[in-house]
Amino acid sequence: MSVRKAIIPVAGYGTRFLPATRSIPKMMIPVLDRPAIHFAVDEATRAGIEHVVFVTSRGQEAVSRYFDRIPDLEQALKRKGDERALEQMLEISDMVETSTVVQEHPLGLGHAVLIAREAVGNEPFAVFLPDDLIWSDSPTISAMIELFSRYGSSVVAVNEVPEEMVSSKGVIAPVAIDERVSRIEAMVEKPAREDAPSRLAIIGRYVLTPDVFDALERVQPGALGEIQLTDAIAMLLPTNKAYAYEFPGTYFDLGTPLGLLKASIHVALQSEDISEELREWISEVL
Ligand code: G1P
C-alpha cells in the first residue's frame with residue numbers, strides 16, 4: 001500500500017517564540033540554516049510522499065511559498081555563477097507538490113486534520129507535526145509506512161519520555177508484538193501523570209487510514225476543549241487495530257526555544273563546514 005499524501009498542520013501563533021513570531025510564522029524560524037518546515041517536508045519526500053497539504057492560519061503564506069520557484073533569485077545565482085546555491089534552490093522547489101487549507105479557528109489538531117479531508121480524499125495518509133524533529137539515518141515515516149503495509153492499520157510514532165512530560169502528550173497503553181512495535185490497547189490525550197497508561201508518548205508522525213476522518217467528524221472536544229486526533233484513533237480501536245512504532249534516532253522538540261537551539265547545535269555538529277570550529281568554541285566557553 002503506498003502513502004502518497006501528508007498533512008502538515010502549521011497553524012498557531014507560535015507564542016513561545018514571541019517576539020520573532022510577531023511577523024514570521026513559527027515554522028520559518030531556522031534550525032541552523034533551514035526553516036523548521038524544511039525538515040518535515042524533506043522527511044516526507046524521502047519516504048516517497050508526493051503531495052503535502054499544509055493546514056495554516058492566516059498570515060502563514062511564507063510556509064508554502066518556501067517551496068515555490070523564485071525565478072529572480074535563480075537568475076541572480078546563475079549570473080553570479082553560484083551553481084551550488086542554484087542547485088540547492090531548485091531541489092527545494094522540486095521537493096513536493098503542495099496545497100494549503102486555512103484553519104480559521106484553533107479548534108485542535110484533530111480539527112486541523114479533518115479540514116484537510118477533501119484534499120486527501122479516501123486514501124491512507126501521513127500526518128507530520130513539524131515541531132517534532134527526528135534526526136535519524138532513514139526517515140521515521142518510511143519505517144511506519146512499511147508497518148502500515150504489513151498490518152493494514154494506522155501507525156503512530158512513540159518515544160519513551162520522562163514522567164513529567166506525559167501530561168503534555170498523547171500516551172498509549174502498549175502490547176509489545178515485535179522489536180520497536182506494539183499494538184495499541186488504549187490511548188489518551190494529555191493524561192494526568194497518575195492516569196498515564198505508560199511513558200510511551202506519541203511523537204508527531206502518523207500513518208492513518210481514511211476512516212480516521214469519519215471518527216474525527218464524530219469525536220467530541222477532549223483535552224484542552226479541542227478536537228483531538230488521539231481521541232479519533234482511540235474511538236476506532238474496538239474495531240480497527242492501531243500500532244505504535246518506537247523509532248530509533250534523536251528526537252528534538254522544536255516547540256520551545258531551548259529545543260530548537262539544541263536541534264540547531266546538533267545539526268551544526270553534523271556539518272563538515274562548521275562542526276570543528278563549533279566544538280572548539282563550545283569547549284572555550286564552557
Ligand atoms: C500533539 C498531540 C499529542 C502528541 C504531541 C506530540 O499535542 O495531540 O498526542 O503527543 O502533539 O508532539 P500538542 O503538542 O499539539 O499539544
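Numbering of ligands and ligand atoms starts at 1, following listing order.
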- Message: Please determine whether residues Ile145 and Ile203 belong to a single hydrophobic cluster, defined as Ile, Leu, Val, Met, Phe, Trp and Tyr linked transitively by side-chain heavy-atom distances below 4.5 Å.
- Response: yes
- Task: Answer yes or no: is there an ion pair linking Lys78 with Glu83, defined by an N-O contact shorter than 4.0 Å?
- Result: no
- Item | Over 12 foreign heavy atoms within 6.0 Å of CZ, Arg16 | no
- Message: I'd like to check which ligand 1 atoms, numbered from 1 as shown, lie under 4.0 Å from a non-hydrogen atom of Asp132.
- Response: 6 (C), 12 (O)
- Item | Passing candidate, side-chain hydrogen bond (donor to acceptor under 3.5 Å, both in side chains) with Tyr251, options Asp132, Thr140, Asn159 | Asp132
- Task: Would you mind listing which atoms of ligand 1 come within a distance below 4.0 Å of any non-hydrogen atom of Thr230?
- Result: 9 (O)
- Query: Could an N or O of ligand 1 be found under 3.5 Å from any N or O of Ser168, whether backbone or side chain?
  - Reply: no
- Item | atom 10 (O) of ligand 1 [closest protein heavy-atom partner, distance rounded to 0.1 Å] | Ile202 O, 2.6 Å
- Note on the structure: ligand 1 to Leu129, heavy atom cutoff 4.0 Å, flagged ligand atoms 1 (C), 11 (O)
- Query: More than 12 heavy atoms of other residues, nucleotides or ligands under 6.0 Å from CD of Glu277: is that the case?
  - Reply: no
- Item | N-O pairing of Arg183 and Asp178 below 4.0 Å | no
- Looking only at distance, does Gly170 have an N or O less than 3.5 Å from an N or O of ligand 1? yes
- Item | Interfacing atoms of ligand 1 (cut-off 4.0 Å, heavy-atom, Gln228) | 8 (O)
- Query: Any non-hydrogen protein atom below 4.0 Å of atom 15 (O) of ligand 1?
  - Reply: no
- Which residue supplies the protein heavy atom nearest to atom 7 (O) of ligand 1, what is that atom called, and how far is it? Lys190 NZ, 3.3 Å
- Message: Strictly below 4.0 Å, N to O, side chains only: are Glu217 and Arg117 in salt-bridge contact?
- Response: yes
- Item | Shortest protein contact, atom 9 (O) of ligand 1 (heavy atom only) | Glu189 OE1, 2.6 Å
- Task: Decide if the gap between the ring center of Phe148 and the ring center of Tyr206 is smaller than 6.0 angstrom.
- Result: no
- Message: Is atom 12 (O) of ligand 1 touching the protein, meaning some protein heavy atom lies under 4.0 Å away?
- Response: yes
